[in-house]
Each structure stands twice: as structure tokens, then as C-alpha cells.
Amino acid sequence: MASTIHVTLPDGSIREFPAGITVLAVAEQVGQRLAHETVAGKVNGRLVDLRTPLEDDVELRIVTTRDPEGGEVIRHSAEHVMADAVKRLWPGTPIDAGRQDHSEKFQYDFRFARPFQPEDLERIEDEMRRIVKEDLPFERTEVSRRDAAKIMSERGEAIKLIRLEDIPEGDTISLYRHGEFVDLCRGPHVQRTSQIGAVKLLEASGAYFKGDERNEMLQRIYGTAFASKKELDAYFARLEEIRRRDHRRLGKELDLFSFHPEAPASPFFHPRGAIVYNALIEHMRERYLHYGYQEVITPQIFDVELWKRSGHYDNYRENMFFADAFDDVQERSSSIKPMNCPSHCLLYSGAAHSYRDLPLRLADFGRLHRYERSGVVTGLTRVRSFAQDDAHIFCTPEQIGSEIRSLFDFIFETYDLFAFAEIEIYLSTRPEKAMGEVAVWEHAESVLAASLEERGVAFTVNAGDGAFYGPKIDFVVHDALGREWQLATIQLDFMLPERFELTYIDSENAERRPVMIHRAIFGSLERFYGVMLEHFAGDLPPWLAPEQVRVLPITDAVTDYAESVCSLMKERRLRAEVDHRNEKLGYKIREGEAMKVPYLLVVGEREAQEGTVSLRLRHRRDEGAQPLGTVVDRISNAVRTRSREL
RNA sequence: GCCAACGUAGCUCAGCUGGUAGAGCAGCUGAUUCGUAAUCAGCAGGUCCCCGGUUCGAGUCCGGGCGUUGGCUCCA
């Protein structure tokens, strides 16, 4: 081991230190102020505790309370402080473990006789502030497994002992201590509790131990923490923005859809909402012409035998609705479809197929019903009644590659249209319980991976996460607020062609089994609708806006002119209305803005005489009077090109 | 399904420790004819989610159910 090491700092400077120096000591030599604010180090890209000794030459970045990673360290430390506060208030409460999620929240689970109440959270929060004020130093110690077990059992931490057993043999076991509180923890942690500038507890809920519903339910508390009050306020401002964009709220305000207890988790689309829904479908229909799909319409209710044959009855029954007529209630004989694939298999098997017919791409906007447990449904993003832009491609094994390539074009083109910029791609491979031969799987997986590589897009492999019938590629988009949504999916299926004995005749006149590709680009139309609404914050591009143009007459002396303007818009196939109400212009503008109509056309005596309209674009000021012809051309052009600009 | 909170007019919400309901917006009627984000006045509107219990009396307390929300779990 070298007696001195070289540390490369972010500015490129290299400094020499004695081996074994800690991150904190380096920070101290760089500057006192830095040392005061530092909470961790990033050594060769890995976040480490600042008490970590450096033994070799490294690249080091000092992480301070102001860095994003600093926030993580602060929240992680706040977890410990929260657990400490709970134990101070209710001595002897066994603790489980804390964790952070991606949304700047931390959580900690406790074995507690009753659920935590809002008043408890206030008390805990006060206690946390006290601990922060005490400015207790965090200490790290590395211990043997035996010592860790001894310390935890002395402290009555029954759950921690189980957690200890889960730590793999050979891993370093570290304890973090501040004041009286000790936790089994990997770190890193801040230097002192006072570096946690602002904390707020958010909510309590039950949570199963290790996330398994067969285990005992622990009591979980969520909170957040930042280096300063200002950052905490910014966090709540972000939450407020999320609330403002919530598609459930927008759906109500814009009169798009509603829910009714008589059909839980099943959206009712209002006239305005249905226009948007249908515009999405129409867009897909147009693209289907380009990509060579044929649309089909299939039934809603099927003999249950179909689902036994497809395997859904055995594997998916708890998510299915059954629909029995009065004369056959003894047996569950009919079921409402949760998926379209079996219908499409029936269609395929209804005729002989030549390799020349393939690929056969069958699209279906059929309504699907899935029973989702009551606790999991939310708004449009998880519903019991929905449709997909669903299609099944029947092709030869050799055609898989070209089909996948074409699908990539389709998917990226679609996400461009909606300005979903950041897309994550996951390739899920053969699970343990898989159907079919390993060689077929491996071939399919390599085709999928090769297509992704050829496309030059980054993807993550989720080993063993494929469906039992075939590997799949999932597309996760980020909306305008950075939240993740799984929308598109491409799934290869070797099982259904087998179960339905689907065949085609190849060029050698031999009977062969086709491959089936399940794919959806929007995914569920309902979910896409919700995500899209939030992404645009309700400001739909003109081609999707339920009401594209609203004509605002200033007085009823210009009613006729307003009507003629509106008729012209309608002749040009634009969705236009006139606001005839006996209100002042300011009121009508306010309403038009609130309903997020992209184009407001103000008409008064002047416009009526000159044959113009005063154009007002959504969220902008008056653009002034312009010839009617110019304005209608502009609007229909924006609609036709599916522009996001007005 | 599990844990918690919530459910009052079409919407947003008020209603203290039990004494049978209130505001703003929206709606309707009338007046006003108005130039770029709310004109004025009047009227009407509620099985306080449902069922049961405690009580002289329940929107309010208790139990059960339904729904919604946030989590957990699930997501072929």
C-alpha cells in the first residue's frame, strides 16, 4: 500500500495526501467552508461516507448540502433522526429500516401497536427538530456480524436481527450512531444532525414487512428533508404544480370525463372528452394505413372455453369479469374479454395462410375489462374499463427483426408527436417459469437486443422479467414533470400460436407455426390520455383540443357576423363555437382561457365591417385584427400538421 | 385485498365540544350592449354517501357497507 495517494478533484487538480486520509479531512484541507458544508464524497463516481479512508489514487468530488446527492444524504440521515424521535417518544419501539424513493421522500417502518395518527406525526416532527438542534455528530463503526447481532438484540431490535441475517456473508457491516440511537446502516450520513436544515413528515400508512402481504404489517411514516427551508418550500411548490396538472382535476375542470360509483374505476367520457379520445384513435387509424395494419372488430363476451384454451382462465382468472345469462348461472360459462389476443387467434385460424400473407397485422380498439383490486385503481391511469391501440402481428420467425424495426419507427414517431423526450427502454428476458424451448427464447431475445442495438438506443435488460410466453420490450416515457409511465410494449408470444394451433404454409410447402407479436403504442388509451393531459397541463395541441376555435362577439349587434365566422370554421372542419352569452368581453375571454381553447376570435363592429377577426392565442395577448381568410388558413394548417404550436 | 384520511348544493369549501344546514362560483330570471382574464340585482338549489346503533335530539358520536385519495401489495 502506498504511503501517499493522489486525489484528483473536479477542477482537474491533483493533490497528494497520506494514504488513509478521510474524505472529510481532504475537504478540510481544501477549505474550511467546504468542510463545514460537506455531507459525503463521490469517489470514482460512487457515493461514500465522508469518514471513509482513501487508500488508493482516486477521483474525488466533495458532496455538499447543496448538491442533489447531498439532498439524498440529508434525507437518509433524517430517516435516522425520525426513527430516533419515535424511539424517544415511545421507548422500545422496534425499528425496521428506512428507504428513500425517487420523489425526494424518505420512509421508515416501525413495529407499533396502532397506526400513527396525524397528531403523532406532529409530535415526532417536533422531536426531530429538537434532535437536529442538539447537533449530534453521526458516528460510523464497522463491526463483526456477532457484535452487530449482540448490539441489536440488547436493544430489543427484533426486526433488525432478521435484516442482519439478510446481509450477504462477507459484506462489511456498519453501524451509525447519533446520540443514543444506533442503526444498522450502509450510510453515508451527514456529519452532524444540524446539517438537516428542514424536515417535514408527510403521511403514515401500513406497509408489509419486506413488502410481502403474507408478512406482518408494520407502520410506515413518510417524510422529506432538505438542507434549507427554502428547498423544502420549493419541494412543496413542485407538489402543488403536480396537483395543478393532475389529470383528474383537469378532466373535471375541462369537462372531459367523470367517474360514478355505479361503475367504479370506469371512466365516462363527456362529449368534449370523447372528441379527444376519438382524435387519438383517428390518429392511430391514419398511421395504420402507413404501417400496414388492418383493423378488426371483435366481440365483448366469449364462451369461457376460449379462455381455458388461451390459458387466461388458469393464469388470469382473478382479473376477469364473468357475464352469465340467467339460464346458465350454475357455471361460469361466459366472460368479458380482458384482452384481444384470443379473438385474433380465432380470426387467424379461420382461414388458411400462406407465407405470402405474412406478416398479418390485426388492430383492434376493442373495449377491455379487467377486474383490478379496489386499492390499485386511480383516475385514468389504472382503470377497469379501457381500450388499447392494440394489435397482433402474425409473422414468420424470420420476420421478427423487420417487424421490430418498423415498430421502433412507429413508437418513436408517436412519442415525438407528443414531445415525450426522455424514453427508457427495458428488455425483459426468459423467466424461470417459461413456456417453449430455450433455444427459441434465446433466438428471440437476441433478435430483440440486436434490433435495439441497431437502432442505437440505450436499454436496460431486466433478466427473468419476461412474460412466461415470450420476451418483451417496454417503453417508459417521462412526462413534463419527470415522472415515469409505462406506455408502449412489444411482446413476443410463442404460446398462443401453439395453443390455437396456428399455422402457415412456407415456400417449401411445409406447415409451420407463426410467431405472434403483441404490441401497443399508446398502451391503454385511458392511461395515455391521462398522462398526455398532465404532460400538456391541459393545453392540448390544436388537433386534439375539443373546441379549437371560439368566436367572441362583443355585442349582439354582430351576432350574424360571428355566426358566419363560425360557419366558415366549421366548413373547414374545425371545431368552433360562438359564445353568445350576454356577458362582457373580459368575461368571455376569461372563460375561453379557462377552458384552454387554443384560438379565441374577438369580433365587434370594426371586424364585421372589415371582414376581419381579432385573434387571441391561448395564454397570450391580443394579436390584433387579421383578415378572416388568413386566420382560418393558419388554424387549419396547425391542425392538419398536428403542430404543438398555435 | 391491507393501513390511513376523506365523503355537506353541479363545482370548491365552511359548519366549535350533538340542538334537524351556509358561502363563493356555476344555474335560472331581469336589467345592462359592453373592445381583450369575472357588470349588477333577484330567485332557486341539499335523502349532509348508504344502512344500522347510542341519544329527548345525529351533518356532528359508535358499528358496518360503498366510493374517493395517499400508501402497501398486485400489474400476462
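Letters go in sequence order (proteins before strands), and every chain restarts at 1.
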**OP:** For nucleotides rC11(B) and rG64(B), find the distance between their C1' atoms and express it as a whole number of Å.
**Re:** 30 Å
Original post:
Mind checking who rG18(B) pairs with, Watson-Crick or G-U wobble, both distances under 3.5 Å?
Top reply: none
**OP:** Sticking with atom C1', work out how far rG42(B) lies from rC56(B), rounded to a whole angstrom.
**Re:** 41 Å
Original post:
Among the nucleotides rG1(B), rU12(B), rG67(B), which one has an atom lying closest to any side-chain atom of Pro264(A)?
Top reply: rG67(B)
Solution key, residues 599-613 of chain A side-chain donor-acceptor pairs under 3.5 Å, sequence neighbours excluded:
{"residue": "Glu607(A)", "atom": "OE1", "partner": "Gly604(A)", "partner atom": "N", "Å": "2.9"}
{"residue": "Glu607(A)", "atom": "OE2", "partner": "Ser614(A)", "partner atom": "OG", "Å": "2.8"}

**OP:** May I ask you to verify whether the side chain of Arg382(A) and the base of rC74(B) hold a donor-acceptor pair under 3.5 Å?
**Re:** yes
Subject >> Charged N-O contact under 4.0 Å between Glu127(A) and Lys87(A) >> reply: no
Original post:
To the nearest angstrom, how far is Glu372(A) atom CD from rC72(B) atom C1'?
Top reply: 16 Å
Subject >> Shortest side-chain distance from Thr378(A), nucleotide among rC72(B), rG70(B), rC75(B) >> reply: rG70(B)
Original post:
If we take the P atom in both rU68(B) and rU8(B), what is their distance in whole Å?
Top reply: 14 Å
Subject >> Arg249(A)/Glu253(A) ion pair, N-O < 4.0 Å >> reply: yes
Subject >> Length of the CG-P vector between Leu201(A) and rA5(B), whole Å >> reply: 17 Å
Original post:
What interatomic distance, in whole Å, is found between C1' of rC34(B) and the corresponding atom of rG27(B)?
Top reply: 23 Å
Original post:
Where the side chain of Val376(A) is concerned, which of rG71(B), rC74(B), rU68(B) is the nearest nucleotide?
Top reply: rC74(B)
Original post:
Could you state the CZ-P distance from Arg248(A) to rU12(B), rounded to the nearest angstrom?
Top reply: 13 Å
Original post:
Does the pair Arg163(A)/Asp96(A) count as a salt bridge with the N-to-O cut at 4.0 Å?
Top reply: yes
**OP:** For rC11(B), give its Watson-Crick or G-U wobble partner with both distances under 3.5 Å, or none.
**Re:** rG24(B)
**OP:** Starting from the 5' end of RNA chain B, give me the residue, Gly379(A) or Lys472(A), whose nearest nucleotide shows up first.
**Re:** Gly379(A)
Subject >> Presence of salt bridge, Asp474(A) and Lys472(A), under 4.0 angstrom >> reply: yes
Original post:
Using the P atom in both, what is the distance from rC61(B) to rC6(B), to the nearest Å?
Top reply: 10 Å
Original post:
How far, in whole Å, is rU47(B) from rG22(B) if one measures between their P atoms?
Top reply: 15 Å
**OP:** In whole angstrom, give the distance that lies between atom CG of Leu254(A) and atom C1' of rC11(B).
**Re:** 14 Å
Original post:
Rounded to whole angstrom units, what separation is found between the CG atom of Asp96(A) and the C1' atom of rC3(B)?
Top reply: 16 Å
Subject >> Quiz item: cation-pi between Arg590(A) and Tyr587(A), 6.0 Å / 45° >> reply: no
**OP:** Report which part of the nucleic acid Lys588(A) touches: base, sugar-phosphate, or nothing (heavy-atom distance under 4.0 Å, all strands).
**Re:** nothing
Original post:
How many Å lie between CZ on Arg373(A) and C1' on rC3(B), as a whole number?
Top reply: 14 Å
Original post:
What is the nucleic acid contact for Arg220(A), judged by heavy atoms within less than 4.0 Å: base, sugar-phosphate only, or nothing?
Top reply: sugar-phosphate
Original post:
According to the Watson-Crick and G-U wobble definitions, with both distances under 3.5 Å, which nucleotide is paired to rG1(B)?
Top reply: rC72(B)
**OP:** Have a look at Val377(A) and say if it touches a base, only the backbone sugar-phosphate, or nothing, with a 4.0 Å heavy-atom cut-off.
**Re:** sugar-phosphate
Original post:
With sequence neighbours left out, what residues match Glu623(A) under side-chain contact (heavy atoms from CB on, under 4.5 Å)?
Top reply: Leu615(A), Leu617(A), Arg620(A), Gln626(A), Arg634(A)
Original post:
Do the charged groups of Arg244(A) and Glu241(A) touch, with an N to O distance under 4.0 Å?
Top reply: yes
**OP:** Starting from the C-alpha separation in whole Å, work towards a yes-or-no answer on ring-ring contact (aromatic ring centres under 6.0 Å, His included) for Phe420(A) and His535(A).
**Re:** CA-CA 8 Å; Phe420(A) 288 122; His535(A) 183 64; 4.4 Å; yes
Subject >> Pair partner, rU60(B) [Watson-Crick or wobble, under 3.5 Å] >> reply: none
Original post:
C1' atom, rG18(B) versus rU55(B): distance in rounded Å?
Top reply: 9 Å
Subject >> Counterpart base for rG67(B), defined by Watson-Crick or G-U wobble contacts under 3.5 Å >> reply: rC6(B)
**OP:** For the pair Glu593(A) and Lys596(A), find out whether any cationic side-chain nitrogen is under 4.0 Å from an anionic carboxylate oxygen.
**Re:** no
Original post:
NA contact type, Ala265(A), heavy-atom cut-off 4.0 Å: base, sugar-phosphate, or nothing?
Top reply: sugar-phosphate
Original post:
Quantified in whole Å, what is the P atom distance between nucleotide rA21(B) and nucleotide rU60(B)?
Top reply: 13 Å
**OP:** Hunt down the Watson-Crick or G-U wobble partner of rC40(B), both distances under 3.5 Å, from any strand shown, or write none.
**Re:** rG30(B)
**OP:** Would you mind building the protein contact string for nucleotides 34-46 of chain B? One character per nucleotide, 5' to 3', B for base within reach (heavy atoms under 4.0 Å), S for sugar-phosphate only, - for untouched.
**Re:** BBBBBB-------
Subject >> Interatomic distance where CG belongs to Asp109(A) and C1' belongs to rC3(B) [whole Å] >> reply: 12 Å
Subject >> Rounded distance (Å) that lies between atom P of rU12(B) and atom CG of Asp255(A) >> reply: 13 Å
